[in-house]
Amino acid sequence: MKKNIEPCYYGDYLQLDKILGAQKLQSAKYSDAAHEEMLFIIVHQVYELWFKQILHELNATIDTFNQKVVKDQQLTQVVHRLQRVITIQRLMNDQIAVMETMTPQQFLSFRDYLVPASGFQSIQFKRLEISLGLKREFRVDFDKQSFYSRLSDDDRALLEGLEAKPSLFDLVDKWLSRMPLLKTDDFDFWHYYKQATDEMLSDDHETISTNDTLSTTDKRQELKDWQSTKENFDALFDHAKFEALRKEDKFRLSHEALLSALFIKQYSEEPVFNLPFQLITALTEIDEQLTIWRYRHAMMVQRMLGTKIGTGGSSGHHYLKRTTESNRIFLDFFNMATFLLPKDELPELPDAIKRKLGFYLSE
């Protein structure tokens, strides 16, 4: 076991003099210090520390995927690190409750001293979003226009450089696209899958058409929704149709990546697919937790400010509410549930295929 030569002292190791001395109340510069500003500062400093840890895990994950081959041993480590990110996100979401112990009037006692500082200027959060895959072209209009306008030259250059690099979304898409789909001379999964989905869609259409409890307006809407779902299914088997829907932002994953992810989720119990399935599940959970964080943040801002504008010049609650649904990254993994079939309707994999997907000891 390795041992240190010089003794390590707790306070020095954690540099507590710097951390505990980093709370400078802005309100104290102008009048009596606002008591609640200490809480406001500490909560945001803790967020920034957790952002740093999340970036530490994401950067290591990106490095793993940014290579030609990703081994199973590396996938195990990646899934473990992403699960750590999810645990941190849950803690961050719960932390909002601490901030909500502050009343609106207590917040207003120092809020105006913070103008024009804003969460927009959290470089680590911007790095987190970009690293996951939320680049400028996927943002809401206000973000596209003001994403860099409130930053220093150095911070702007840092984020623009990061935008030019592949994100985790880009690399996972590329990795999924490289996975071979199981199609042999005597077995074509997609042929069986199309037969099963055509039958399912036909049954759904029949159910809607013969449902006399629906009004004419409701039935028309249900059939319109059915047609939209059918078009999405049709796109799975037609690359040109898929790309057309992709240009309309109906899909973000590439055609090849979506088909691979769908196959993995359909047969997730197969040993070779277990780790990829855990990876897809973890990325889905990260997106979900980030969406929950945005939602809770929006609700907290409405509780504190009502309809007032944010200190950074946004529309406050209304802006945050829009980003909750718009700034999604792995939405295709959520929507993939549309294409899943019950296990008993999936074609049985031939023994030769199952052997390729399993682990077998040779004598």
Side-chain angles (χ1 to χ4, degrees), residues 61-62 64-70 75 78 132-139 165-185 187-202 204 225-268 270 272-284 286-287 326-341 345-347 349 353 356-357:
T61 300
I62 286 172
T64 298
F65 277 99
N66 198 16
Q67 51 189 328
K68 291 183 179 180
V69 178
V70 181
L75 270 186
V78 162
L132 283 172
L134 186 59
K135 297 189 178 183
R136 195 180 330 194
E137 64 265 31
F138 300 109
R139 295 180 177 275
K165 297 179 180 179
S167 67
L168 183 57
F169 180 94
D170 298 328
L171 294 170
V172 168
D173 185 289
K174 185 177 179 181
W175 174 73
L176 284 169
S177 298
R178 294 201 305 260
M179 296 187 67
L181 293 175
L182 298 179
K183 181 178 180 180
T184 63
D185 292 338
F187 178 76
D188 182 354
F189 166 76
W190 298 110
H191 172 73
Y192 288 100
Y193 177 77
K194 189 174 189 311
Q195 287 182 331
T197 56
D198 284 347
E199 182 177 343
M200 178 189 70
L201 288 168
S202 178
D204 288 346
D225 293 340
W226 175 89
Q227 182 61 37
S228 177
T229 299
K230 184 178 184 303
E231 289 173 1
N232 288 336
F233 270 97
D234 290 343
L236 293 180
F237 311 101
D238 188 314
H239 184 78
K241 288 182 179 179
F242 184 92
E243 288 303 317
L245 291 178
R246 198 179 179 200
K247 289 179 180 178
E248 297 175 8
D249 296 326
K250 298 288 182 64
F251 298 102
R252 186 177 168 190
L253 283 170
S254 67
H255 192 203
E256 295 80 4
L258 185 70
L259 291 180
S260 292
L262 179 58
F263 197 95
I264 290 167
K265 294 200 75 168
Q266 295 278 20
Y267 293 97
S268 58
E270 298 298 334
V272 168
F273 285 161
N274 184 256
L275 281 171
F277 173 73
Q278 289 186 54
L279 171 72
I280 291 171
T281 302
L283 293 174
T284 306
I286 286 173
D287 201 354
S326 300
N327 289 355
R328 303 287 294 278
I329 301 165
F330 295 99
L331 190 58
D332 285 333
F333 289 156
F334 286 83
N335 293 336
M336 203 173 295
T338 304
F339 306 117
L340 296 179
L341 295 175
E345 293 183 16
L346 289 172
L349 295 176
I353 299 295
K356 290 181 180 180
L357 297 178

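Heavy atoms only: backbone and side chains are in, while hydrogens, waters and symmetry mates are out. This structure is a prediction, so every number in the text was calculated from the model and none was measured.
- The two residues D287 and F330 come nearest to each other via the heavy atoms OD2-N, 2.6 Å.
- Side-chain contact check for K174 versus S254: every heavy-atom pair is 4.5 Å or farther apart.
- Across all non-hydrogen atoms, the minimal contact from F333 to A261 is CE2-CB, 4.0 Å.
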- Check against side-chain contact (heavy atoms from CB on, under 4.5 Å), I329 and L168: CA-CA 10 Å; I329 301 165; L168 183 57; over 6 Å; no

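- Formation of a donor-acceptor pair under 3.5 Å by the D332 side chain with backbone atoms of F251 is not found in this model.
- At least one donor-acceptor pair under 3.5 Å links the side chain of R178 to the backbone N or O of K68.
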- Message: I'd like to know whether T284 forms a side-chain contact (heavy atoms from CB on, under 4.5 Å) with M336, so could you lay out the CA-CA distance, the side-chain angles of the two residues, the decisive distance to 0.1 Å, and finally the verdict.
- Response: CA-CA 11 Å; T284 306; M336 203 173 295; over 6 Å; no

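- The two atoms that bring I62 and P166 nearest to each other are CG2-O, 4.4 Å, heavy atoms only.
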- Report the C-alpha separation of I280 and V172 in whole Å, then their side-chain angles, then the decisive distance to 0.1 Å, and conclude whether the side-chain contact (heavy atoms from CB on, under 4.5 Å) test is met. CA-CA 9 Å; I280 291 171; V172 168; over 6 Å; no

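- Atom CG of L262 and atom CG of L340 lie 6.0 Å apart (nearest 0.5 Å).
- Shown here are the side-chain hydrogen bond (donor to acceptor under 3.5 Å, both in side chains) partners of R328, two or more places apart in sequence or in another chain: T291.
- Applying the salt bridge (Lys or Arg N to Asp or Glu O under 4.0 Å) test to every pair with at least one member in residues 227-241, sequence neighbours left out, gives these pairs: K230-D234.
- Between K250 and E248 there is a salt bridge, with a side-chain nitrogen of the basic residue lying less than 4.0 Å from a carboxylate oxygen of the acidic one.
- No more than 12 heavy atoms of other residues, nucleotides or ligands lie within 6.0 Å of OH in Y192, so this atom counts as exposed by the packing criterion.
- Around NZ of K265, the count of heavy atoms belonging to other residues, nucleotides or ligands within 6.0 Å exceeds 12.
- The CG atom of D198 sits 7.0 Å away from atom CZ of F237, with the distance rounded to the nearest 0.5 Å.
- Atom-to-atom distance recorded for D249:CG and L331:CG is 10.5 Å, nearest 0.5 angstrom.
- Residue P276 comes nearest to W175 through the heavy atom pair CB-CH2, 3.8 Å, listed as atom of the first residue, atom of the second, then distance.
- Side-chain contact check for Y193 versus F263: every heavy-atom pair is 4.5 Å or farther apart.
- Checking side-chain atoms of D173 against main-chain N and O of A257 turns up no donor-acceptor pair under 3.5 Å.
- Summarising the geometry, atom CD1 belonging to I264 is positioned 4.0 Å from atom CE belonging to M179; distances are rounded to the nearest 0.5 Å.
- With Y267 as the fixed residue, the ring pair (Phe, Tyr, Trp, His ring centres under 6.0 Å) test singles out one of F277, F273, F189: F189.
- Going from atom CZ of F233 over to atom OG1 of T338 covers 7.0 Å, rounded to the nearest 0.5 Å.
- Contact check for E270 versus L349: side-chain heavy atoms found under the 4.5 Å cut-off.
- No donor-acceptor distance shorter than 3.5 angstrom exists from the side chain of N232 to the backbone of T229, with no hydrogens or angles considered.
- In this structure, L259 CG and H239 NE2 are separated by 10.0 Å, a value rounded to the nearest 0.5 Å.
- Judged by distance alone, the side chain of S177 and the main-chain N or O of E256 form no donor-acceptor pair under 3.5 Å.
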- Applying side chain to side chain donor-acceptor pair (under 3.5 Å), run through S167 and D170 and close with a yes or a no. CA-CA 5 Å; S167 67; D170 298 328; 3.1 Å; yes

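- In E199, the CD atom is not crowded: 12 or fewer heavy atoms of neighbouring residues, nucleotides or ligands sit closer than 6.0 Å.
- Formation of a donor-acceptor pair under 3.5 Å by the E243 side chain with backbone atoms of A240 is not found in this model.
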- Item | Derivation and outcome, side-chain contact (heavy atoms from CB on, under 4.5 Å), residues L236 and T197 | CA-CA 11 Å; L236 293 180; T197 56; over 6 Å; no

